[in-house]
Amino acid sequence: MRDRKILVTGGAGYIGSHTCMVLKHRGFEPVVYDNLSNGHAAFVKWGLLEEGDIRDRSRIEEVLRKHQPEAVIHFAGLIEVSESVRDPLSFYEVNVAGSLSLLSACIAAGVDKFVFSSTCATYGIPRQLLIDEGHVQDPVNPYGRTKLLIERAILDLEVHGLRSVILRYFNAGGADPGGKIGEKHDPETHAIPLAIDTVLGRRELFRIFGNDYNTRDGTCVRDYIHVLDLADAHVRAVDYLLADNPSDQFNLGTGRGTTVGELVAAVEKATGRPLPKQEDQRRPGDVPQLVANNAKAQSVLGWQPVYELEDIIRTAWDWHRKQNT
Ligand code: UDP
């Protein structure tokens, strides 16, 4: 019997580390490939760490040949939309050139099952209320464009026998309820950790970016999904590929939209404390509303998100309260 290794690029990061935890619980052996630029060595608790950069083609191939994983889950990349607007070149270098180097190493090493961490930002401005996988992909920021380029490359590489599952996440949030790992970005830009840090008094104010969008309270609508629901979907995607199913793409969201205003109220309710806040300008690159139609992931992968917004905030709150900074 093989040892069921899965190579997880970016496995020391937020979603990657939670996925390693769930992989391990389901009998897989995660091997983390991460350069620790944004990841944390302390988050690698469920498998070994092979330090390396995805742009280092020969290092990845060496690691793939050494471990001969049954599949690769590819999280490594730059993720922050506004940074992608300021510094697009880094995004093309890491997300596009890095992913191509990884893909080429996979093909050379005979690894033919690939799960890709993509994003609802590949859709751009939604043309319907709930976004399904057939929605036109017309991203409005460099982050989304780099992810879309890789999606296309992955599909083209099927000619070399590469089978893939592309997972397009909506807004990840929350943390391991066991408290071992959580969300930790430096600098932090995401709404939930920023709001919690503000409640904790580590920041003065939570800024609400834009109050004049065409939404129910004028603030942006997002579909917040618990990181463990995302992790569960990745393990299902691996099982799906190991069962010889064809390449496919899935949206991962709850199907429920929350405005920034509603998020603020939910943070105050879940923490029992007031959130000092201030209305501010729109943030460049933001789209008004992003909510998933997740019917396909439910029917094909048998995936069903189980955590509510309240659980996302509560688990994030538990995690952030334990952190010193
Ligand atoms: N947001 C905000 N204040 C903040 C951070 C985020 O109002 O300090 C808003 C942001 O404009 C977006 C939503 O919260 O509408 C989620 O932003 P986040 O950065 O968490 O995720 P994104 O949707 O950009 O991937």
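First listed ligand is number 1; within each ligand, the first listed atom is number 1. These figures come from a predicted structure and were not determined experimentally.
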Original post:
Among Gln289, Arg222, Arg283, which one has a heavy atom closest to atom 17 (O) of ligand 1?
Top reply: Arg283
**OP:** For atom 22 (P) of ligand 1, state which one of Asp280, Leu290, Asn171, Leu263 supplies the nearest heavy atom.
**Re:** Asn171
Original post:
Quick check: does Ala191 get an N/O under 3.5 Å from an N/O on ligand 1?
Top reply: yes
Original post:
For Arg207, is at least one N or O under 3.5 Å away from an N or O on ligand 1?
Top reply: yes
**OP:** Answer yes or no: is there an ion pair linking Glu279 with Arg207, defined by an N-O contact shorter than 4.0 Å?
**Re:** no
**OP:** Run the salt-bridge test on Arg59 and Glu51 with the 4.0 Å N-O cut-off and return the result as yes or no.
**Re:** no
I'd like to check which ligand 1 atoms, numbered from 1 as shown, lie under 4.0 Å from a non-hydrogen atom of [X].
X	result
Ile208	7 (O)
Val260	7 (O), 9 (C), 14 (O), 15 (O)
His190	18 (P), 19 (O), 20 (O), 21 (O)
Thr189	5 (C), 19 (O)

Subject >> Aromatic ring pairing His185/His190, orientation class (parallel under 30°, perpendicular over 60°, tilted between) >> reply: tilted
**OP:** Please check if any side-chain donor atom of Thr258 sits under 3.5 Å from a side-chain acceptor atom of Arg222, or the reverse.
**Re:** no
Original post:
Going from CZ on Arg4 to CD1 on Ile6, what distance comes out if it is rounded to the nearest 0.5 angstrom?
Top reply: 7.5 Å
Original post:
Does Tyr213 come within less than 4.0 Å of ligand 1, judged by its heavy atoms?
Top reply: no
**OP:** Specify side chain, backbone, both or neither for Phe170, according to which of its non-hydrogen atoms lie closer than 4.0 Å to ligand 1.
**Re:** neither
